[in-house]
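Below is one structure, written out as structure tokens; the observations come after it.
Quick caveat: nothing in here was measured; it's all calculated off a predicted structure. Because only heavy atoms are used, hydrogens play no part in the values below, and waters and symmetry mates are left out as well, while side chains stay in. Start at 1 and go down the list; that is how both ligands and their atoms are numbered.
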Amino acid sequence: MSSVFGKPRAGSGPQSAPLEVNLAILGRRGAGKSALTVKFLTRRFISEYDPNLEDTYSSEETVDHQPVHLRVMDTADPDTPRNCERYLNWAHAFLVVYSMDSRQSFEDSSSYLELLALHAKETQRSSPALLLGNKLDMAQYRQVTKAEGAALAGKFGCLFFEVSACLDFEHVQHVFHEAVREARRELEKSSLPRPLFICEERALPHQAPLTARHGLASCTFNTLSTVSLKEMPAVAQAKLVTVKSSRAQSKRKAPTLTLLKGFKIF
Ligand SMILES: Nc1nc2c(ncn2[C@@H]2O[C@H](COP(=O)(O)OP(=O)(O)OP(=O)(O)O)[C@@H](O)[C@H]2O)c(=O)[nH]1
């Protein structure tokens, strides 16, 4: 049996278990996290949304001929990253989104990348991040150049794309699949199975919250000296919505739309 990344190839037999990948979408309010997520899942662009909704969606994907069970957490931090453990300890990869017509959202994306880098350092476990400059269709109003986006991504060693949630689906899908590839590479390197995560049992006196060090709200971090392994939390202490593959989706639009509660899709 041929294999890809140590797993059986899709279609190579009934035993093929899909690769499980958790992806968290981070970024300032209004950057377009929900719009990109819904575009990827349904091929549709949304123009109205509930900014306080944080949902985790599940989608069966095929990436490089390999079946992937992809969970996407569309996060909703209030103004700054808050209670970040819910995604830091859950995700295998991150999409950090900024809106290219907002300098502030670009600066916030830098804070998110710093947060991820710090978490990787403190847990000695890196999860890949991709930086996305969203709203490419609004490029005439851009406040952030492509070069600036690329430079920020380069600083943190992550992939960079400019995208639009209201332009072509294929480009958005490509970006999500790149995130899966990045996660898969990292999972292969890691010897620790991901169903377990490291969390702290109690705060240590010497442990300074990220807030203090990086101006981020309510994020505390784990040290390896007082850790315990716990079961991964049920997919999102947020709602889980199951969505079939995007390709199948386009053929069954009506049922899909009723699943995506909280969004108005036009
Ligand atoms: N023109 C354009 N508008 C977009 C794009 N992506 C999102 N928007 C719009 O920008 C606004 C914010 O988009 P959301 O997807 O809700 O942003 P978000 O990052 O999820 O924001 P929160 O839910 O508040 O965290 C909405 O009005 C979207 O319709 C895009 O690529 N192009």
Side-chain angles (χ1 to χ4, degrees), residues 23-57 59 71-84 86-88 90-91 93-113 115-116 129-146 148-149 152 160-176 178-179 216-219 236-241 243 246 256-257 259-266:
L23 188 58
I25 321 290
L26 311 178
R28 185 183 177 81
R29 278 188 163 192
K33 301 180 296 294
S34 304
L36 286 168
T37 302
V38 173
K39 179 76 170 193
F40 170 65
L41 294 170
T42 72
R43 297 174 175 245
R44 297 270 189 114
F45 172 66
I46 54 162
S47 58
E48 276 189 40
Y49 65 101
D50 178 345
N52 299 313
L53 266 187
E54 177 163 293
D55 282 344
T56 299
Y57 303 96
S59 175
R71 296 187 198 89
V72 181
M73 184 191 289
D74 174 21
T75 65
D77 280 326
D79 291 321
T80 47
R82 214 171 271 276
N83 302 322
C84 323
R86 75 188 186 284
Y87 48 76
L88 288 176
W90 176 84
F94 299 88
L95 291 180
V96 178
V97 183
Y98 69 88
S99 173
M100 67 177 66
D101 65 352
S102 162
R103 169 67 46 181
Q104 183 63 57
S105 87
F106 180 63
E107 282 163 14
D108 284 6
S109 71
S110 176
S111 300
Y112 274 107
L113 289 172
L115 169 73
L116 297 177
L130 288 74
L131 179 64
L132 306 186
N134 189 34
K135 307 193 185 178
L136 186 54
D137 56 294
M138 307 275 278
Q140 68 269 34
Y141 303 111
R142 72 158 78 225
Q143 294 183 3
V144 183
T145 66
K146 190 171 183 178
E148 286 175 304
L152 180 61
F160 171 63
F161 298 92
E162 288 196 330
V163 292
S164 167
C166 61
L167 295 180
D168 60 315
F169 161 76
E170 280 72 20
H171 192 206
V172 173
Q173 184 192 45
H174 172 72
V175 167
F176 276 76
E178 280 295 287
L216 301 170
S218 305
C219 282
Q237 290 124 0
K239 187 177 56 184
L240 173 68
V241 182
V243 184
S246 307
T256 303
L257 302 186
L259 285 175
L260 293 166
K261 289 179 190 160
F263 296 114
K264 286 185 185 167
I265 302 174
F266 301 100

Quick one, L36 and V175 - any side-chain contact, counting heavy atoms below 4.5 Å?
no
CZ of R43 to CG of D168, rounded to nearest 0.5 Å, is 11.0 Å
Near M138, which atoms of ligand 1 are under 4.0 Å from a heavy atom of that residue?
1 (N)
E107: partners by salt bridge (Lys or Arg N to Asp or Glu O under 4.0 Å), with sequence neighbours left out:
none
To which of L26, N134, D101 does the heavy atom nearest atom 6 (N) of ligand 1 belong?
N134
Please list, in number order, the atoms of ligand 1 under 4.0 Å from a heavy atom of A35.
6 (N), 7 (C), 15 (O)
Proximity winner for atom 14 (P) of ligand 1, if only heavy atoms of S164, A165, G32 are counted
G32
Do K135 and ligand 1 have an N or O pair less than 3.5 Å apart?
yes
Residue pair F169 / K39: nearest heavy atoms and the distance that separates them
CD1-O, 3.4 Å
Numbering the atoms of ligand 1 from 1, which are under 4.0 Å from a heavy atom of A31?
17 (O), 19 (O)
Sub-4.0 Å heavy-atom approach of G27 to ligand 1
no
Would you check if L116 and L88 make a side-chain contact, meaning some heavy-atom pair closer than 4.5 Å?
yes
Tell me which part of K33 gets within contact of ligand 1: side chain, backbone, both or neither, using heavy atoms under 4.0 Å.
both
Residues K33 and T75: closest non-hydrogen pair is CE-O, 3.2 Å
Are any of the N/O atoms on D137, whether in the backbone or the side chain, positioned under 3.5 angstrom from an N/O atom of ligand 1?
yes
R28: numbered ligand 1 atoms lying under 4.0 Å from its heavy atoms:
19 (O)
Decide salt bridge (charged side-chain N to carboxylate O under 4.0 Å, His left out) for E162 and R142; before the verdict, give the C-alpha distance in whole Å, the side-chain angles of both, and the deciding distance to 0.1 Å.
CA-CA 12 Å; E162 288 196 330; R142 72 158 78 225; 2.8 Å; yes
How about L131 and Y98: do any of their side-chain heavy atoms sit closer than 4.5 Å?
yes
Has ligand 1 got any nitrogen or oxygen that is less than 3.5 angstrom from a nitrogen or oxygen of G30?
yes
Just distances here: any N/O of L36 and N/O of ligand 1 closer than 3.5 Å?
no
